[in-house]
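Please read the structure below before turning to the comments.
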Amino acid sequence: MLDIKLIRENPDLVKDKLKLRNEDISVIDKILELDKNRLGVIHRSEGLKETRNKVSDEIAVMKKSKEDAAEKISEMKKVSDDIKELDEELRKYDDDIDVLMRFIPNLPHDSVPFGKSEKDNVEFKKWGDKKSFDFKVKDHVQLGKTLDILDFERGTKISGSGFPLYKGKGAQLERALINFMLDEQGKNGYREVMTPLLVSRTSMEAAEKIPKFEEDMYHFEKDDLYAIPTAEVSILNIHRDEILKQEELPIKYCGYTNCFRREAGSYGKDTKGFLRVHQFNKVELINFCQPEESYDQMENMLLHACGILEKLSLYYRVIELCTADIGFAASKCYDIEVWSYAEDKWLEASSVSNCTDFQSRRAMVRYKKILENNKTKTELVHILNGSGLATSRLMVSLLETNQTKDGNIIVPEVLRKYAGFDVI
RNA sequence: GGAGAGGUGGCAGAGUGGUCGAAUGCGGCGGUCUCGAAAACCGUUAUAGGGGUAACUCUAUCGAGGGUUCGAAUCCCUCCUUCUCCGCCA
């Protein structure tokens with residue numbers, strides 16, 4: 001969430017930034033009014049509390065010296081009732097403000113290109129060469145079926161559409177890919193973690209996934225747990241409600257998890273094979289750092305994600321998302337897309353986001369900043385996330401790129417020691 | 001799932017209705033002493049939110065949320081969590 005103080009003190013700045021995102025800015029004025037009322041109630045309530053505390057002390061003294069305090073007690077009874085009423089009112093204001101705040105996205109960074117839709121995203125970088133095939137390429141579904149390594153029909157039988165079944169060398173290749181990526185990110189300084197896949201509502205809220213994306217989550221009602229849509233959620237919550245040391249920043253984690261997404265509202269779009277699935281595998285990168293270095297860290301993370309694709313020799317490009325397309329919690333985003341020869345289009349395989357203090361404010365992840373005069377100040381960390389990478393769309397490109405004329409797959413050099421075979 | 005015992009400041013650990021934001025010890029920071037260090041001694045040591053240019057001041061916080069009371073770390077209720085024992089299961 002945004003800082004209420006920033007809204008209070010710089011409403012025009014906030015509005016201008018939100019306009020860039022095509023947001024309805026009337027909500028800011030509503031918040032300002034509620035906030036003003038809220039502060040008034042706080043003043044009155046705290047004034048009464050001050051009286052109550054003072055008089056209660058006086059009552060204690062009177063009782064000790066056996067004086068009659070009945071009058072003061074009845075006086076305070078009234079004061080206490082008034083406090084109760086004001087605090088009730090205060091809570092209402094808090095709730096009303098919170099409801100509005102939860103749907104306001106992060107402010108875009110100055111470097112983010114302006115745009116009105118995803119069409120205005122800017123190509124930032126392109127790597128590799130588009131391969132030319134002297135035969136008709138098969139798509140990943142055909143390849144998977146012919147080689148008997150991917151079985152979407154049976155996956156559907158087991159769970160419904162969007163739950164892929166990997167078989168034999170397909171399963172092994174997937175495992176190889178995951179291990180390869182974890183090892184590479186480990187070399188890049190990320191500490192490997194294996195996290196819970198089901199998380200509490202509190203954890204989802206801390207990551208700013210709820211309430212905005214509630215419809216996209218799998219929810220286990222009986223235990224009130226949510227299946228994570230990305231390891232970002234569980235990794236981010238490692239340090240919820242903690243105060244970190246300045247010298248341990250940046251803290252970098254990588255973790256492989258299954259990811260679960262209901263993909264509500266996207267039925268009928270990209271339904272083929274891996275293009276849009278409810279369950280997929282992803283190696284996630286998370287970085288907790290000091291505010292002043294977060295944009296540098298972001299560039300690093302982008303390189304770390306791209307490094308995987310380069311080692312796999314896959315043709316890819318990086319897109320800098322425009323103000324209309326950056327993620328809810330993000331101030332800046334890069335998407336990495338791999339090329340699908342069969343679909344003849346780019347597929348999103350990774351997204352690197354700087355969420356600044358937007359998530360850390362609700363998650364309360366802070367650090368002790370050492371100031372010049374040697375004093376310390378507690379400040380929110382910046383949190384970044386990036387996929388490094390998601391396997392499903394990566395697998396599409398990997399299979400298609402490395403197919404041979406007779407329908408086999410040449411395993412990329414770097415994966416061979418992980419897979420234990422060279423060809424499928 | 002059953003039975004019991006806990007959750008207090010960075011840590012350990014007192015505190016069962018009143019000047020308790022909280023004794024004491026350890027640790028941390030600053031100082032005295034010393035050539036320097038140790039020891040000893042003295043001081044200091046939380047977070048959040050209001051108000052004030054500031055010194056400062058007010059409010060809240062003893063697992064979380066409600067309740068009783070003029071007043072709650074202390075009493076009552078609910079939840080979370082940790083530990084011990086029993087049962088069940090991988």
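Since the model is a prediction, treat every value here as computed from it, not as a measurement. Numbered from 1 within each chain, the chains take letters A, B, ... in sequence-line order.
The nucleotide B:A40 finds its pairing partner in B:U32, both defining distances of the Watson-Crick or G-U wobble pair being shorter than 3.5 Å. Base pairing of B:A22: no nucleotide in any strand meets the Watson-Crick or G-U wobble criterion (both distances under 3.5 Å). Pair check for B:U61 finds B:A46; Watson-Crick or G-U wobble, both atom distances under 3.5 Å. If you check B:G7 for Watson-Crick or wobble pairing at under 3.5 angstrom, you find it paired to B:C80. In a base pair of the Watson-Crick type (N1 to N3 plus N6-O4 or O6-N4) or a G-U wobble (N1-O2 and O6-N3), with each distance short of 3.5 Å, B:A72 is matched with no nucleotide. The partner of B:G17, taking Watson-Crick or G-U wobble pairs whose two distances both stay under 3.5 Å, does not exist in any strand shown. Nucleotide B:C89 forms a pair with no other nucleotide shown, judged by Watson-Crick or G-U wobble geometry with both contacts under 3.5 Å.
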List, one per line, each side-chain donor-acceptor pair under 3.5 Å for residues 415-424 of chain A, sequence neighbours excluded.
unit_1	atom_1	unit_2	atom_2	d
A:R416	NE	A:V411	O	2.8
A:R416	NH1	A:E413	OE1	3.3
A:R416	NH2	A:V411	O	3.0
A:Y418	OH	A:D183	OD2	2.6

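Judged as a salt bridge (Lys or Arg N to Asp or Glu O under 4.0 Å), and not counting sequence neighbours, the contacts of A:D151 are A:R154, A:K167.
For the P atoms, the distance from B:U84 to B:U32 is 50 Å, rounded to whole Å. B:U47 and B:G63 have their C1' atoms separated by 16 Å, with the value rounded to a whole Å. B:A22 sits 12 Å from B:A73 when the P atoms are compared, rounded to a whole Å. Of the P atoms belonging to B:G21 and B:A60, the separation is 9 Å, rounded to the nearest Å. B:A3 and B:C58 are spaced 48 Å apart, taking the P atom of each and rounding to whole Å. Using C1' as the reference atom, B:C76 and B:G2 are 25 Å apart when rounded to the nearest Å. The C1' atoms of B:C80 and B:C88 are separated by 24 Å, rounded to the nearest whole Å. Rounded to the nearest Å, the gap between the P atom of B:A5 and that of B:U59 is 38 Å.
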What string of B, S and - do you get for nucleotides 44-51 of chain B, 5' to 3', if B is base contact, S is sugar-phosphate-only contact and - is no contact with any protein heavy atom under 4.0 Å?
---SSBSS
Per-nucleotide protein contact string for nucleotides 63-80 of chain B (B base, S sugar-phosphate only, - none; heavy atom under 4.0 Å):
---S-S-BS---------
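When each of A:I7, A:D12, A:L13 is paired with A:N10, the side chain to side chain contact (heavy atoms under 4.5 Å, CB included) condition holds for A:L13 and for no other. Screening A:E214, A:E232, A:E215 for a salt bridge (Lys or Arg N to Asp or Glu O under 4.0 Å) with A:K209, the sole residue that qualifies is A:E232.
A:N53 has a side-chain polar atom (N or O) that falls below the 4.0 Å cut-off from OP1 or OP2 of B:U59.
Between A:M76 and A:R52 the shortest heavy-atom distance is SD-CA, 3.8 Å.
In this structure, A:R21 does not pair ionically with A:E23, as no charged nitrogen and carboxylate oxygen lie closer than 4.0 Å.
Within the structure, the ring pair (Phe, Tyr, Trp, His ring centres under 6.0 Å) test picks out the following pairs touching residues 291-312 of chain A (sequence neighbours left out): A:H109-A:Y295, A:Y190-A:H304. Residue pairs meeting the ring pair (Phe, Tyr, Trp, His ring centres under 6.0 Å) criterion with at least one partner in residues 220-239 of chain A, sequence neighbours excluded, are A:H219-A:Y226, A:H239-A:Y253, A:H239-A:F288.
Taking the six-membered ring where tryptophan is involved, the planes of A:F260 and A:Y218 are perpendicular, since the angle between them exceeds 60° and thus also 30°.
A:K212 NZ: more than 12 foreign heavy atoms inside a 6.0 Å radius.
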